[in-house]
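Heavy-atom basis, side chains included; hydrogens, waters and symmetry copies ignored. Given the structure is predicted, the values throughout are model-derived calculations rather than measurements. In this chain, numbering begins with 1 at the start of the sequence shown.
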Amino acid sequence: MVDAGLAAEPETSQPPCAMSDHVGLVSCLWAAWPSGRTRPLEYHTAQLEDILEATALDMHKPSFEVKLSEISICRRELNHMLNNLGAWMKDENEDKNWAMQLDSAFICKDPYGVVLIIGPWNYPIYLLLVPLIGGGDGNCVVLKPSEISRNMERLVAEALLSYLNKDCFTMVTAGREEITRLLENKFDYIFTGSPSVGRIAMTAAAKHLTPVMLELGGKNPCYISDTCDVQNVALWVVWGHFINTGQTCIAPDYVLCSVEMQEKLMPALHEATTEFYGSELHNSPDFACTVRDKQFKCVQALLSSGRVAIRGEADEKECYILPTVPVDVQEDDPVMWREIFGPVLSILMVTSEEDATTFINRPQGQCGVTAGCSQLTFPDPRWGTTKGNDVITHMMLTSLPFGGSVPRSGHSDTGLYHGRFTFETFSHLRSALLRADGREALNSLRYPPYAPHRHEEPPPPARRSESRLSKRSLPPLSPPGQSPRRPAAL
């Protein structure tokens with residue numbers, strides 16, 4: 001996001017102040033933004049390096065899950081950003097037409113200005129810091145951690161700002177009403193997750209025509225073919241669905257398989273669950289609990305779908321639901337029409353790969369599709385991220401964009417992030433053209449008075465197989481009343 005130096009810095013006007021408790025907070029960032037302190041590469045690098053120390057936070061989840069799904073991903077994103085940011089910030093030269101070959105045409109990547117990042121609750125470090133790592137490169141940022149993850153909200157609020165420039169980064173804590181008041185202010189870009197908060201953000205952003213990125217999630221079907229290794233598939237599915245107690249937007253949401261595969265899959269799922277969490281799952285140190293009582297009740301209400309083949313205990317006082325697998329689930333069951341966000345893995349029967357494709361293509365947002373088969377033979381453009389022979393691990397690659405299905409298939413993500421895609425999402429691509437000096441003779445062709453055929457582009461070069469004589473011996477057409485011009489000499 002380096003200023004190209006070809007044009008004056010665009011004016012950044014102070015947005016009209018709403019009657020809100022956050023007017024002064026946002027105004028401080030608007031005052032810091034025109035100073036340019038956030039734009040140099042050295043500033044970006046210093047801020048990113050400081051965040052590394054803030055990622056070692058206790059999530060009250062299994063420590064390995066915290067390291068794998070939160071801290072290591074943030075560190076990887078930071079290192080990737082530090083290693084590549086200088087190259088990404090450079091202007092990109094673009095193609096030119098014949099009349100502009102001596103000119104310079106390029107794209108500048110400028111930060112938007114003041115952005116708002118509203119973090120979801122299910123991965124309160126990863127889903128707050130990864131957008132910040134790319135969005136904080138040149139932008140001033142208001143951070144809003146989720147109030148649902150109360151302990152993490154407090155820890156992030158206390159720790160993170162001590163590593164960041166307080167003139168350019170600030171944080172707001174509190175609930176949904178506070179978000180509504182915060183959104184009364186003008187921002188240049190907004191990032192958020194969850195459909196409910198997304199609707200609030202989109203409604204507020206429409207007043208200012210502010211661009212918004214939504215990280216919403218959706219359903220994640222998992223098709224298992226009859227030819228796959230059922231033991232391996234059971235390990236993938238159990239790990240991918242029950243990590244973070246199923247509170248993962250890209251976890252395999254339900255399984256599609258044949259009757260024959262279901263008969264082999266059920267004992268394999270039970271065996272994998274016991275292997276991972278022990279025979280007394282309630283005492284397992286490797287299985288977390290549901291985030292709060294409201295989410296517990298939402299998941300508990302889904303347990304009536306189908307016939308429960310593997311039943312886990314439920315403890316409302318501790319917000320604890322153990323892995324549960326219902327079978328014979330029907331398309332119109334409640335568990336099939338909402339994102340589960342809990343340890344409930346449904347099994348549905350299909351007769352073939354084509355039958356599975358038809359089911360997946362229902363008018364419902366697919367965040368991603370997983371296939372357990374030797375080859376991924378049926379990707380569809382209406383699906384989101386597609387994975388074969390594994391689950392959720394694509395989120396660990398900085399080279400792959402993180403996003404959901406196309407908009408027409410239902411509510412899912414809008415925009416992309418991870419690695420370079422985060423940097424580009426929070427950057428405004430500005431076109432720039434620098435004309436060469438001494439070209440006024442060519443410019444005269446565009447000025448009135450206009451003459452017929454004056455603005456025709458030169459014909460393409462002749463093909464080698466065609467006769468040069470036949471091409472050059474034909475005189476060009478002349479305007480009425482004028483003598484034909486002589487053909488060019490051979």
Which of these, E77, R76, M395, E70, sits in a side-chain contact (heavy atoms from CB on, under 4.5 Å) with V130? E77
Applying side-chain hydrogen bond (donor to acceptor under 3.5 Å, both in side chains) to T248 and not counting sequence neighbours gives Y123
Could you list the residues that satisfy ring-ring contact (aromatic ring centres under 6.0 Å, His included) with H80, not counting sequence neighbours? W88
Here the pair of heavy atoms bringing A205 nearest to I190 is CB-CD1, 4.1 Å
By ring-ring contact (aromatic ring centres under 6.0 Å, His included) - contacts of F276 (at least two apart): none
Who are the side chain to side chain contact (heavy atoms under 4.5 Å, CB included) partners of A204, not counting sequence neighbours? L183
Please give me the minimum heavy-atom distance between S399 and F421, naming the atom from each residue. O-CE1, 3.5 Å
Would you indicate whether the side-chain heavy atoms of L303 and T324 approach each other to under 4.5 Å? yes
Centroid-centroid under 6.0 Å between Y417 and F423 rings: no
Test: salt bridge (charged side-chain N to carboxylate O under 4.0 Å, His left out). Region: residues 253-263. Which pairs qualify, not counting sequence neighbours? K219-D253
Of the non-hydrogen atoms in M261 and S225, which two are nearest, and what is the gap between them? CE-O, 3.3 Å
Charged N to carboxylate O below 4.0 Å: is that the case for E178 and R181? yes
Output all residues satisfying ring-ring contact (aromatic ring centres under 6.0 Å, His included) with Y189, sequence neighbours left out; order by chain, then residue number. Y112, F426
Quick one: are H208 and K186 in side-chain contact, heavy atoms under 4.5 Å? yes
So which heavy atom on D91 is nearest to which on C108, and how close? OD1-CA, 3.6 Å
Taking the side chain as C-beta and beyond, is there a heavy-atom pair between Q247 and W121 under 4.5 Å? yes
I310 vs L269 side-chain heavy atoms within contact, under 4.5 Å: yes
Applying salt bridge (charged side-chain N to carboxylate O under 4.0 Å, His left out), name anything that partners E153, two or more places apart in sequence or on another chain. none
Between the side chain of N220 and the main-chain N/O of A251, is any donor-acceptor distance below 3.5 Å? yes
Considering residues at least two apart in sequence or located in another chain, which fulfil the salt bridge (charged side-chain N to carboxylate O under 4.0 Å, His left out) criterion with K144? E147
Check salt bridge (charged side-chain N to carboxylate O under 4.0 Å, His left out) between D355 and all other residues, then give those that pass, not counting sequence neighbours. none
All ring-ring contact (aromatic ring centres under 6.0 Å, His included) counterparts of Y320, not counting sequence neighbours: H282
With sequence neighbours left out, what residues match E354 under salt bridge (charged side-chain N to carboxylate O under 4.0 Å, His left out)? none
Side chain to side chain, P145 and M171, heavy atoms closer than 4.5 Å: yes
State plainly whether the residues E92 and K109 are in salt-bridge range, i.e. N to O under 4.0 Å. yes
Between A201 and T192 the two heavy atoms that sit nearest each other are CB-CG2, 4.0 Å
Sub-4.5 Å side-chain heavy-atom contact between T210 and D188: no
Do you know the tightest heavy-atom contact between I321 and T245? O-CG2, 4.3 Å
For H418, give me all partners under side-chain hydrogen bond (donor to acceptor under 3.5 Å, both in side chains), at least two apart in sequence or on another chain. Y126
H241 side-chain N/O to P252 backbone N/O, donor-acceptor pair under 3.5 Å: yes
